[in-house]
S.K.: 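Before we start, here is the structure in question, set down as structure tokens.
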Amino acid sequence: VDVLGTMALLAQDSSRPGVSVEINVTYMSAAKYYKLNASLIVLAQVGSDITVEGSVLKLGRSLGFTEVRLSDTMTGKLIAVGRHTKAFPQQS
């Protein structure tokens, strides 16, 4: 969520990486297998392909809001949704 949210923001304005102020993840489906990956627990079955999409919800002067969606590639079933808020401190 952190990396993909940041990449979505950088795709719109590469000069403002920002600082994370909030990250949350909501899990939507039951898991048969837990896999620890980059400090994020991803709910998936062994051998499943997962599609991860990051998008910018709003990009303002001082804050950016992103959403990252994880879904099972084969079934399209939503696994989790993450939200990420970044602050853009004013340059002195």
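Since the structure is predicted, the reported quantities are computational estimates derived from the model, not experimental observations.
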S.K.: Pick out which of V52, V81, V25, L78 makes a side-chain contact (heavy atoms from CB on, under 4.5 Å) with L70.
M.R.: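 Testing L70 for a side-chain contact (heavy atoms from CB on, under 4.5 Å) against V52, V81, V25, L78 leaves exactly one candidate, V52.
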S.K.: Does one hydrophobic cluster hold both I23 and Y27, with members joined at side-chain heavy-atom distances below 4.5 Å?
M.R.: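 Hydrophobic grouping puts I23 with Y27.
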S.K.: Restricting to non-hydrogen atoms, name the atom on A87 and the atom on P89 that form the minimum distance, rounded to 0.1 Å.
M.R.: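 Nearest pair, atom of A87 first, then P89: O-CD, 3.4 Å.
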S.K.: Side-chain heavy atoms nearer than 4.5 Å, only ILVMFWY residues, links allowed to pass through others: does that put L57 and L63 together?
M.R.: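 Looking at the clustering, L63 is in the same group as L57.
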S.K.: Taking only residues two or more places apart in sequence, or in another chain, which ones meet T85 in a side chain to side chain donor-acceptor pair (under 3.5 Å)?
M.R.: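 Expected list: none.
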S.K.: Look up atom CZ in R83 and atom CZ in R69, then write down how far apart they are to the nearest 0.5 Å.
M.R.: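 Atom-to-atom, R83:CZ and R69:CZ are 8.5 Å apart.
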S.K.: In Å, rounded to the nearest 0.5 Å, how long is the span from NZ of K77 to CG of D72?
M.R.: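 One gets 8.5 Å once the value is rounded to the nearest 0.5 Å.
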S.K.: Say whether V68 and I50 are linked into one hydrophobic cluster, either directly or through other cluster members, by side-chain heavy-atom distances under 4.5 angstrom.
M.R.: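 Cluster IDs for V68 and I50 match.
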S.K.: Say you draw a straight line from CZ of R61 to CZ of R16; how long is it, rounded to the nearest 0.5 Å?
M.R.: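 Here the rounded value is 9.5 Å.
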S.K.: Are T66 and K86 close enough, and set up right, to give a side-chain hydrogen bond (donor to acceptor under 3.5 Å, both in side chains), and what steps lead you there?
M.R.: CA-CA 8 Å; T66 67; K86 295 198 85 164; over 6 Å; no
S.K.: Decide yes or no for L4 and H84: does some side-chain heavy atom of the first lie under 4.5 Å from some side-chain heavy atom of the second?
M.R.: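 They are not in side-chain contact.
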S.K.: How far does OG of S55 sit from CG of L9, to the nearest 0.5 angstrom?
M.R.: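 One gets 10.0 Å once the value is rounded to the nearest 0.5 Å.
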S.K.: Taking all heavy atoms of G82 and all of V1, pick out the closest pair and write down the distance.
M.R.: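 Looks like CA-CG2, 3.9 Å.
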S.K.: Is there a chain of hydrophobic side chains (I, L, V, M, F, W, Y, each step under 4.5 Å between heavy atoms) that links V3 to L10?
M.R.: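 The answer is yes; both residues are in one hydrophobic cluster.
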S.K.: side-chain hydrogen bond (donor to acceptor under 3.5 Å, both in side chains) between S71 and T51: does it pass, once the steps are laid out?
M.R.: CA-CA 5 Å; S71 57; T51 299; 4.6 Å; no
